[in-house]
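Step one of this worksheet: look at the structure below.
Below, chain A is the first sequence line, B the second, and so on; all start at residue 1.
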Number of protein chains: 2
Amino acid sequence: MIAIGEAARQSGVGIETIRYYEREGIVPRPARAANNRRLYSAQDVGRLRFLKRCRDLGFSLSDAKALLDLSEGGAADCADVSALAQRHMESVRRKIAELQRLEAALSELTANCAEGSVDCPMLSRLRMA
Amino acid sequence: MIAIGEAARQSGVGIETIRYYEREGIVPRPARAANNRRLYSAQDVGRLRFLKRCRDLGFSLSDAKALLDLSEGGAADCADVSALAQRHMESVRRKIAELQRLEAALSELTANCAEGSVDCPMLSRLRMA
DNA sequence: GCTTGATCCTGTAGTGACTACAGGATTTAT
DNA sequence: ATAAATCCTGTAGTCACTACAGGATCAAGC
């Protein structure tokens, strides 16, 4: 059993974030030492590492929690996991498309910029009625 | 001079958002009718439309405010505008790259999924020590 | 035994950019 | 006269943390 600082180091999840996950019920309340300090088992650290990986993959915290629950539930519902991941992938793809739209628009707006024209072409486009 | 609802319709900025911009000092306080209701001029609506376009291009509210200030300052500093836009474009490109990384990782993780294997391959990867 | 620094605790408030009420006043249309 | 729409102020909620404040405890070195 290790202290919260060591659990943070081993899992990659920050100390304050671990306490936040506990408050939010994302992870179970850990054991406590006689001095009231939190004590984490290897399984606790495993849960935190799992959550960290989900977050790094862009899953929302509630999706990460759902995946964790699926992972700990006896039946490893691969289909459920896959569906969740597919939905997330589609949202990632939509975000990429949206950002590419932004990039194209910005690129076009700034194209005629910095040519020393009297009125900045980007600003006039943004001002258009 | 028009009421806030009409200003919202004409600018595309929501009523609550307009009041929020006013509270935050993004736009000047508008005129008021005798009954204390806000009254917007064509210039006010123009400012809101300008901000809406900046936000739709992904600029932060403070960047949008900076662009608005540049737009209203006498000297249309095209170079400043361009620099701001370039910085924003780079952040957009970084976000695209990050999301593409996510997409690739998700795609790889789900590749072997839904094959009816005993243990879901995505979950086991997320659980790895 | 004492000091110093590291670590831990609880609880609260801040972030960005809105959004959603609550509870009330006034205006417009029927 | 009444009903529906619009407006007002003020506060709280969203997401996922992050940053304190203010204190307690612990470990290491002298």
Side-chain angles (χ1 to χ4, degrees), chain A residues 1-27 29-40 44-45 47-68 88 91-92 95 98-99 102, chain B residues 1-27 29-40 44-45 47-68 87-88 91-92 95 98 102:
Chain A
M1 302 290 264
I2 57 178
I4 194 170
E6 186 58 24
R9 263 184 296 277
Q10 288 183 22
S11 66
V13 180
I15 291 178
E16 313 256 22
T17 304
I18 293 176
R19 289 198 279 246
Y20 167 73
Y21 286 176
E22 181 186 332
R23 269 202 310 283
E24 295 296 302
I26 308 294
V27 294
R29 263 171 284 157
R32 294 278 182 154
N35 57 15
N36 197 37
R37 297 193 170 188
R38 292 170 178 82
L39 289 176
Y40 293 87
D44 289 331
V45 172
R47 274 194 208 100
L48 292 169
R49 195 166 38 227
F50 184 99
L51 290 171
K52 174 80 166 98
R53 284 182 183 142
C54 291
R55 297 289 299 125
D56 284 350
L57 285 166
F59 285 103
S60 71
L61 195 49
S62 83
D63 276 1
K65 162 78 166 142
L67 287 170
L68 182 60
H88 178 48
S91 112
V92 168
K95 274 179 197 147
E98 169 68 4
L99 286 171
L102 288 194
Chain B
M1 302 290 263
I2 59 178
I4 195 170
E6 186 57 25
R9 262 184 296 277
Q10 288 183 23
S11 66
V13 179
I15 290 178
E16 314 256 21
T17 305
I18 293 175
R19 290 199 277 245
Y20 167 71
Y21 286 176
E22 181 186 334
R23 269 202 309 282
E24 294 296 303
I26 309 293
V27 294
R29 262 171 285 155
R32 293 277 182 156
N35 57 15
N36 197 37
R37 296 192 172 190
R38 291 170 178 82
L39 288 177
Y40 293 87
D44 289 330
V45 172
R47 272 193 210 101
L48 291 169
R49 195 167 35 226
F50 185 99
L51 290 170
K52 173 80 166 101
R53 284 184 184 140
C54 291
R55 297 289 299 123
D56 284 350
L57 285 166
F59 285 102
S60 71
L61 196 48
S62 84
D63 277 1
K65 162 78 165 142
L67 287 170
L68 182 60
R87 242 184 299 126
H88 179 47
S91 112
V92 169
K95 274 181 198 148
E98 169 68 6
L102 287 195

Does a side-chain N-to-carboxylate-O contact under 4.0 Å join [X] and [Y]?
X: B/Lys65; Y: B/Glu24; answer: no
X: B/Glu6; Y: B/Arg9; answer: yes
X: B/Asp56; Y: B/Arg53; answer: no

Whole angstrom value for the distance that separates [atom2] of [N] from [atom1] of [X]:
X: A/Tyr40; N: C/dT7; atom1: OH; atom2: P; answer: 16 Å
X: A/Ile26; N: D/dC15; atom1: CD1; atom2: C1'; answer: 12 Å
X: B/Glu6; N: C/dT28; atom1: CD; atom2: C1'; answer: 15 Å
X: B/Leu51; N: C/dG16; atom1: CG; atom2: P; answer: 17 Å
X: B/Ile4; N: D/dT9; atom1: CD1; atom2: P; answer: 9 Å
X: B/Arg38; N: C/dT26; atom1: CZ; atom2: C1'; answer: 15 Å

Extract from the structure each pairing of a protein N or O with an N or O of nucleotides 22-26 of chain D at less than 3.5 Å, listing the distance.
residue: D/dT25; atom: O2; partner: A/Arg37; partner atom: NH2; Å: 3.2
residue: D/dC26; atom: OP1; partner: A/Asn35; partner atom: ND2; Å: 3.0

**Prompt:** Counting only heavy atoms not in A/Arg32, do more than 12 fall under 6.0 Å of its CZ?
**Reply:** yes

Of all the heavy-atom pairs spanning [X] and [Y], show the shortest one and how long it is.
X: B/Lys52; Y: B/Gly12; result: CE-O, 3.0 Å
X: A/Val45; Y: A/Tyr40; result: CG2-CB, 4.4 Å
X: B/Gly5; Y: B/Ile15; result: CA-CD1, 3.9 Å

**Fill in**
Sorted by number, residues from residues 7-23 of chain B placing a heavy atom under 4.0 Å from DNA chain D are B/Ile15, B/Arg19

**Item:** Closest nucleotide among C/dC9, D/dC17, D/dC8 to the A/Leu61 side chain
**Value:** D/dC17

**Prompt:** Out of D/dA16, C/dT10, D/dC7, which has the shortest distance to the side chain of B/Ala3?
**Reply:** D/dC7

**Prompt:** Okay, side chain of B/His88, backbone of B/Asp63: is any donor-acceptor separation there less than 3.5 Å?
**Reply:** no

**Fill in**
5'-most contact on DNA chain D (nearest-nucleotide basis), B/Arg32 vs A/Arg55, goes to B/Arg32

**Candidate pair A/Gln10 and A/Leu48, rule side chain to side chain contact (heavy atoms under 4.5 Å, CB included), full reasoning** = CA-CA 9 Å; A/Gln10 288 183 22; A/Leu48 292 169; over 6 Å; no

